[in-house]
Amino acid sequence: MTIPILICDDSALARKQMARTLPKDWDVEISYAANGAEGLEVIRAGKGEIVFLDLNMPVMDGYEVLQAVQQQDLPALIIVVSGDIQIKAHERVKALGALDFIQKPVSADAISNILQEYGILTLTQGQQADDTPMVKVDMRDACQEIANVAMGRAADLLAKLLDVFVLLPIPNVNVLEVSELTMALKATERSSTVSGLCQGFIGAGIAGEALLLFHDSSFEDMAKLMGLENPDDINTEIEVMMDTGNVLIGAFLNGISEQLDMKFSQAHPVVLGRHCSVNELIHDNSEKWQRTLAMEINYRIEDYNIQCDLLLLFTEDSIPTLNYKLGYLLD
């Protein structure tokens, strides 16, 4: 009997990768959804007996889908597939009825093992799971999914070090001129003043700078979590920024390098500015960048007044190499 499968993820690349990893001889019919609201409609239509569900999505996220399925007693076995690998994320999705959790990027072995563990997988020779509608993927989508996975790695490390839960957004990815950068930054919508540091990185054909924009209102709570005294002291503020930057930038770059199969060397971090507007900080350093590929992630810590934006600015010369590397993921 053909099993109706739903792959629910806002990334076309993630949907394509997920479909590829399903067992080749599994008799399934695959439906796709780009957000939780679309996914619920597919489930209600009886086309999502088994659901592979992302957590970070627009319109309705994975947590909200799990809650709706649980409350409405919808007939769906849900396996969460996410880049958010925090232990508390695992605990929360299990409490909301998820069957299990698989971290991105997915592997065929991990999928097969879980399906067999729960007695879901039955093999019927001659059926091919990859005889499915083609999923179109563009480079911006691919970059966003790469950033999504790297974001989860960085958040997991920060969560473990501070014993907190890090709230994760959908990464914001754009190719733009530096003059457009301030307008694109979500940080400008929320914070009057920030402090920032940057750290250069370089690999084979790819180079850029990572910027950490630390919202000034976050210093007090972050210093307490780190066990530091005198949060208003200049040295404490710089220590908070440096330590946070080391964790988030290092883990994020490692997450990208693993997915692209390359190594990055990192320069020493440098303080760009303190207690200034985002406009001032970007303008004062605009000569460093021209046209750039920008990845922005806004990290927030649950139950604390802590926000910081991690921004990766890749040089224009890096874009051809990035496209080449991403091409392997798209094939």
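Both backbone and side-chain heavy atoms feed into the values below; hydrogens, waters and symmetry mates do not. Computed from a predicted model, the values in this text were never measured in an experiment.
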Within-4.5 Å side-chain heavy-atom neighbours: [X] and [Y]:
| X | Y | result |
| --- | --- | --- |
| E64 | D61 | yes |
| M1 | D27 | no |
| D243 | M222 | no |
| L253 | L312 | yes |
| E145 | P105 | no |
| V175 | R140 | no |
| M242 | V271 | yes |
| L66 | R92 | no |

Under a single-linkage definition using a 4.5 Å side-chain heavy-atom cutoff for Ile, Leu, Val, Met, Phe, Trp and Tyr, are [X] and [Y] assigned to the same hydrophobic cluster?
| X | Y | answer |
| --- | --- | --- |
| V80 | L40 | yes |
| L260 | L310 | yes |
| V270 | L213 | no |
| V81 | L53 | no |
| I78 | Y32 | no |

Could you check whether atom [atom1] of [X] has more than 12 heavy atoms from other residues, nucleotides or ligands sitting under 6.0 Å from it?
| X | atom1 | answer |
| --- | --- | --- |
| Q70 | CD | yes |
| Y324 | OH | no |
| L176 | CG | yes |
| Q72 | CD | yes |

Pair F252-R153, side chain to side chain contact (heavy atoms under 4.5 Å, CB included): steps then yes or no: CA-CA 7 Å; F252 195 96; R153 304 282 177 85; over 6 Å; no

Output yes when [X] and [Y] qualify as a salt bridge under the 4.0 Å nitrogen-oxygen rule, no when they do not.
| X | Y | result |
| --- | --- | --- |
| R15 | E38 | no |
| E41 | R44 | yes |
| K88 | E302 | no |

Is a donor on one side and an acceptor on the other found under 3.5 Å between the side chain of [X] and the backbone of [Y]?
| X | Y | value |
| --- | --- | --- |
| N148 | Q144 | no |
| Q259 | I146 | yes |
| S195 | F214 | no |
| N172 | E296 | no |
| Q86 | V166 | yes |
| T236 | N230 | yes |
| E316 | T292 | no |
| S31 | L6 | no |
| T244 | V240 | yes |
| N35 | V59 | no |

Full working for side chain to side chain contact (heavy atoms under 4.5 Å, CB included) between D309 and V278: CA-CA 11 Å; D309 280 70; V278 175; over 6 Å; no

Minimal non-hydrogen separation, [X] against [Y], with atom names:
| X | Y | answer |
| --- | --- | --- |
| P58 | D10 | CD-CB, 3.5 Å |
| S218 | I306 | OG-CA, 3.4 Å |
| A154 | A251 | CA-CB, 3.5 Å |
| P171 | I297 | CB-CG1, 4.2 Å |
| G152 | I85 | O-CG1, 3.9 Å |
| L115 | P23 | CD1-CD, 4.0 Å |

Can you measure from [atom1] ([X]) to [atom2] ([Y]) and round to the nearest 0.5 angstrom?
| X | Y | atom1 | atom2 | value |
| --- | --- | --- | --- | --- |
| F219 | N305 | CZ | CG | 12.0 Å |
| T21 | I111 | OG1 | CD1 | 4.5 Å |
| S318 | L293 | OG | CG | 8.5 Å |
| D100 | L77 | CG | CG | 11.5 Å |
| I301 | Q307 | CD1 | CD | 10.5 Å |
| I238 | D233 | CD1 | CG | 9.0 Å |

Audit row: L22, I30, side chain to side chain contact (heavy atoms under 4.5 Å, CB included) steps and yes/no: CA-CA 10 Å; L22 297 179; I30 303 177; 3.6 Å; yes

Close aromatic pair by centroid cut-off 6.0 Å: F201 and F314: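 Here the rings of F314 and F201 have centres that are less than 6.0 Å from each other.
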
Test side chain to side chain contact (heavy atoms under 4.5 Å, CB included) applied to M18 and D9, step by step: CA-CA 10 Å; M18 185 68 236; D9 198 301; over 6 Å; no

